[in-house]
Amino acid sequence: MKGLVYRDILINKKSLLLAIIFMVYLFKVITDQEVSNDEQVLMINLYTFIAVIFIYAIAEYVFKPDKVSKWERFLYATPISKKTLVGEKYLFDYIFISIGIVLSVILIFSYNVNLNNDMTYNEYLGIIYAVIIILTNSAIHKLLVFKFGEKSASIFSILFVIIFITLGIVALLLNKTNWLVDISLNTDYLVKFFLSKKMIFVMVISVILHGISYFISERVYDTHFD
């Protein structure tokens with residue numbers, strides 16, 4: 001599996017590098033704006049939300065080169081099991097999600113240190129929102145890819161993200177703030193935030209959802225050609 005992951009990273013390394021450079025530049029532009037603290041936090045959250053999803057989207061591109069080069073035909077002739085082939089694609093998702101999270105956290109931390117700001121976690125809410133959307137989408141998207149192909153899965157992902165963001169905007173306009181924000185008002189530290197019952201519930205559901213997705217994907221993935 002290590003070889004498969006390394007190959008996919010090599011294929012996407014240029015896109016990933018350009019994305020990181022662009023996101024660092026965008027973060028600098030955002031943080032250089034002369035706005036109030038509340039507006040700054042909002043802008044940072046929007047940035048981190050976009051950054052994590054943007055880098056994750058690069059990982060979803062990994063299926064397309066395989067189809068164009070017919071790489072799968074070669075893989076199916078090797079002793080590599082279908083379980084490994086499917087698992088590697090899930091693992092690749094997690095790697096890129098982690099890169100997006102680490103990049104955003106480092107930028108926010110550096111920003112706070114540079115300005116001697118108090119270390120709060122309100123700036124990290126954008127990352128948390130993005131990760132929840134991504135993990136939910138990833139579990140369903142991968143299953144659709146292995147069953148119906150990349151095109152159908154991509155259409156679903158686009159609609160899923162649009163609907164999710166639209167619901168969030170409507171909730172804000174109607175002053176129906178998300179429970180994540182409600183928790184943040186009563187939590188002093190980021191660790192306590194993640195250890196809250198509702199966040200633990202969300203993570204448990206996510207793990208179960210990905211487990212089910214992987215289990216079904218392994219069984220519906222057709223490795224035979226006519």
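This is a predicted model, so every value here is computed, not measured.
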| query | Are L135 and S206 side-chain neighbours, meaning at least one heavy-atom pair lies under 4.5 Å? | reply | yes
| Exercise: do Y94 and S138 side chains pair donor with acceptor under 3.5 Å | no
| Looking at K142 and D93, what are the two nearest heavy atoms and their distance? | NZ-OD2, 2.8 Å
| field | Sub-4.5 Å side-chain heavy-atom contact between S81 and T84 | value | yes
| message | Hydrophobic cluster membership, with links at side-chain heavy-atom distances under 4.5 Å among I/L/V/M/F/W/Y: are I97 and V102 in one? | response | no
| field | Gap between atom CD1 of I205 and atom CD1 of I132 - 0.5 Å precision | value | 12.0 Å
| Using a distance-only test with no angle check, is there a side-chain donor-acceptor pair under 3.5 angstrom linking S157 and S154? | no
| Would you say the side chain of I106 lies within less than 4.5 Å of the side chain of S110, judging by non-hydrogen atoms? | yes
| Per the ring pair (Phe, Tyr, Trp, His ring centres under 6.0 Å) rule, which among F215, F148, F146 passes with Y221? | F146
| query | Can you tell if the side chain of F27 reaches within under 4.5 Å of the side chain of L103, non-hydrogen atoms only? | reply | no
| Transitively linked via ILVMFWY side-chain contacts under 4.5 Å: V105 with M203? | yes
| R219 and K82: which non-hydrogen atoms are nearest, and at how many Å? | O-NZ, 4.2 Å
| task | Please report the closest heavy-atom contact between E218 and V86, naming both atoms and the distance. | result | CA-CG2, 4.1 Å
| Atom NZ of K89 and atom CG of L91: how far apart are they, to the nearest 0.5 Å? | 11.0 Å
| query | Linking I/L/V/M/F/W/Y whenever their side-chain heavy atoms sit closer than 4.5 Å, directly or via other members, would I134 and I155 fall into one cluster? | reply | no
| request: Search all heavy atoms of Y90 against all heavy atoms of Y214 and return the closest pair with its distance. | output: OH-N, 3.4 Å
| request: Identify whether L144 and I158 are in the same connected component of the hydrophobic contact network (ILVMFWY, side-chain heavy atoms under 4.5 Å). | output: no
| said: Given 3.5 Å as the limit, does a donor-acceptor pair link the side chain of S213 with the main chain of L209, or not? | reply: no
| task | Give a yes or no answer on whether the side chain of H141 reaches the backbone of F156 with a donor-acceptor pair at less than 3.5 Å. | result | no
| message | If hydrophobic clusters are built by linking Ile, Leu, Val, Met, Phe, Trp and Tyr wherever their side-chain heavy atoms come under 4.5 Å apart, do F96 and V5 end up in the same one? | response | yes
| field | From CE (M23) to CG (L107), nearest 0.5 Å | value | 9.0 Å
| note | Tightest non-hydrogen contact, residues S217 and L143, listed as OG-CA, 3.3 Å
